Amino acid sequence: MSRSRHLGKIRKRLEDVKSQWVQPAKVDFSDNESVRLATDALLDGGPEAYWRALSQEGEVDFLSSVEAQYIQAQVREPPCPPEPLGGAEPGLKALDSSSLQSGTYFPVASEGSEPALLHSWASAEKPYLKEKSSATVYFQTDKHNNIRDLIRRCITRTSQVLVILMDVFTDVEIFCDILEAANKRGVFVCVLLDQGGVKLFQEMCDKVQISDSHLKNISIRSVEGEVYCAKSGRKFAGQILEKFIISDWRFVLSGSYRNRNTKEIKPLSSLKSFNIHHCS
């Protein structure tokens with residue numbers, strides 16, 4: 001009797017949903033060990049090791065070509081362990097990826113410190129928490145509500161604190177709005193950039209001759225996505241692709257606005273503006 005071929009979780013579910021004779025099963029939200037093994041193989045041995053792991057686990061190719069290239073480009077080697085005093089003990093050998101058996105995921109805690117409280121607003125009285133929240137959705141097809149202008153108006157009306165998260169920030173005109181708010185109106189500004197976009201932001205500052213003296217009321221921090229760590233110690237960080245603006249802890253703009261050094265806004269889907277009542 002031939003042994004049945006092992007199927008990975010994704011492959012098995014694909015075969016089940018494609019068959020009209022198989023009854024739907026309860027969705028499994030548990031971790032996929034085959035996916036972890038294949039991802040570790042990609043980090044440790046490259047594409048060939050990745051394909052080999054997929055074949056051994058009976059799993060489908062779950063990464064797009066862009067995702068696989070990103071992971072390989074972002075691989076960070078584990079830190080070198082300190083040399084043991086007096087030399088290594090006999091009989092001990094270094095651990096490598098092949099000596100580590102499949103077990104569990106390795107969650108990685110953030111290496112960055114928590115940001116300091118922005119002035120005293122965290123403990124200040126917030127009368128707007130009692131207001132009824134609302135939401136408005138804008139699309140680029142609405143010519144009377146240009147999304148870029150909505151962003152600029154939001155920055156202009158801010159009077160206390162402004163928080164901006166962007167993956168890529170290269171819009172000089174919006175940067176001028178931020179500088180005006182911080183340096184002329186005393187607004188505290190916190191800019192969060194994806195780690196991969198810091199270089200482009202720095203290039204923009206250099207081109208327009210912005211130095212640290214112009215950023216006294218502006219805090220600029222870089223953040224990265226969730227970190228995946230293989231058992232070998234190699235790891236890579238995801239990207240921060242979210243974009244949002246928080247104005248005076250009262251208004252939030254979120255959407256897919258991006259400006260690539262042009263006046264044209266692309267690509268765009270929607271942008272929301274709404275009062276928030278859950279900030280503390």
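Computed from a prediction, not measured in an experiment: that's the story for all the values here.
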Examine the side chains of Glu59 and Ser34 and answer whether a donor and an acceptor come within less than 3.5 Å of each other. no

If you count heavy atoms of other groups shown closer than 6.0 angstrom to CD of Glu226, is the number above 12? no

What verdict does the salt bridge (charged side-chain N to carboxylate O under 4.0 Å, His left out) test give for Arg148 and Glu173, after you've listed the backbone C-alpha separation in whole Å, the side-chain angles of each residue and the deciding distance to 0.1 Å? CA-CA 10 Å; Arg148 189 168 183 270; Glu173 196 164 13; 3.1 Å; yes

Nearest-0.5 Å distance, CD1 of residue Ile240 to CG of residue Leu192: 9.0 Å

Pairwise side-chain contact, Glu242 with Leu165, heavy-atom cut-off 4.5 Å (strictly under): yes

Would a 4.5 Å heavy-atom cut-off, applied to side chains only, mark Gln195 and Val223 as touching? no

Are Leu14 and Val60 close enough that some pair of their side-chain heavy atoms sits under 4.5 Å apart? yes

If I take atom CD1 from residue Ile178 and atom CG from residue Leu215, how far apart are they, to the nearest 0.5 angstrom? 10.5 Å

Could you check whether Arg36 pairs with Glu33 (Lys NZ or Arg NE/NH1/NH2 to Asp/Glu carboxylate O, under 4.0 Å)? yes

Please say whether the positively charged group of Arg234, taken as NZ for Lys or CZ for Arg, lies over the ring of Tyr228, i.e. under 6.0 angstrom from the six-membered ring centre and within 45 degrees of the axis. no

How about Arg152: does its CZ atom have over 12 heavy atoms from other parts shown lying under 6.0 Å from it? yes

Could you tell me the separation between the CG atom of Leu162 and the CD1 atom of Ile164, rounded to the nearest 0.5 Å? 4.0 Å

According to a hydrophobic-cluster definition based on side-chain heavy atoms being under 4.5 Å apart (Ile, Leu, Val, Met, Phe, Trp, Tyr only), do Val17 and Ile10 belong together? no

Identify whether Val172 and Ile151 are in the same connected component of the hydrophobic contact network (ILVMFWY, side-chain heavy atoms under 4.5 Å). yes

Specify the closest pair of heavy atoms between Leu179 and Ile210, including all atoms of both residues, with the distance to one decimal. CD1-CD1, 3.7 Å

Ignoring hydrogens and geometry beyond distance, is a side-chain donor-acceptor pair present between Ser159 and Asp248 at under 3.5 Å? yes

The reported gap from CG in Leu150 to CD1 in Ile155 (rounded to nearest 0.5 angstrom) is 11.5 Å

Output the distance between atom OG (Ser219) and atom CZ (Phe188), rounded to the nearest 0.5 Å. 5.0 Å

For Thr158 and Val161, indicate whether the former's side chain and the latter's backbone hold a donor-acceptor pair under 3.5 Å. no

Can we say Asp28 and Lys9 salt-bridge, meaning some charged N sits less than 4.0 Å from an Asp/Glu carboxylate O? yes

From CA spacing to verdict: salt bridge (charged side-chain N to carboxylate O under 4.0 Å, His left out), Glu224, Arg76: CA-CA 14 Å; Glu224 60 183 11; Arg76 288 181 281 178; 3.7 Å; yes

For a 4.5 angstrom cut-off between non-hydrogen side-chain atoms, does Ile245 reach Phe251? no

Using only atom types and a distance under 3.5 Å, with no angle test, would you say the side chain of Asn217 pairs donor to acceptor with the backbone of Val187? yes

If we only count heavy atoms from C-beta on, is the Gln209 to His214 side-chain gap below 4.5 Å? no

If the plane angle is over 60° it's perpendicular, under 30° parallel, otherwise tilted; pick one for Tyr70 and Phe236. perpendicular

Taking Gln56 for its side chain and Ala53 for its backbone only, find out whether a donor-acceptor pair lies under 3.5 Å. no

Answer whether the closest heavy-atom distance between the side chains of Trp51 and Leu42 falls below 4.5 Å. no

Distance col, row Asp206:CG vs Lys199:NZ, nearest 0.5 angstrom, shows 11.5 Å

4.5 Å side-chain heavy-atom contact, Asp171 and Met204: no

Quick one, Asp40 and Lys231 - any side-chain contact, counting heavy atoms below 4.5 Å? yes

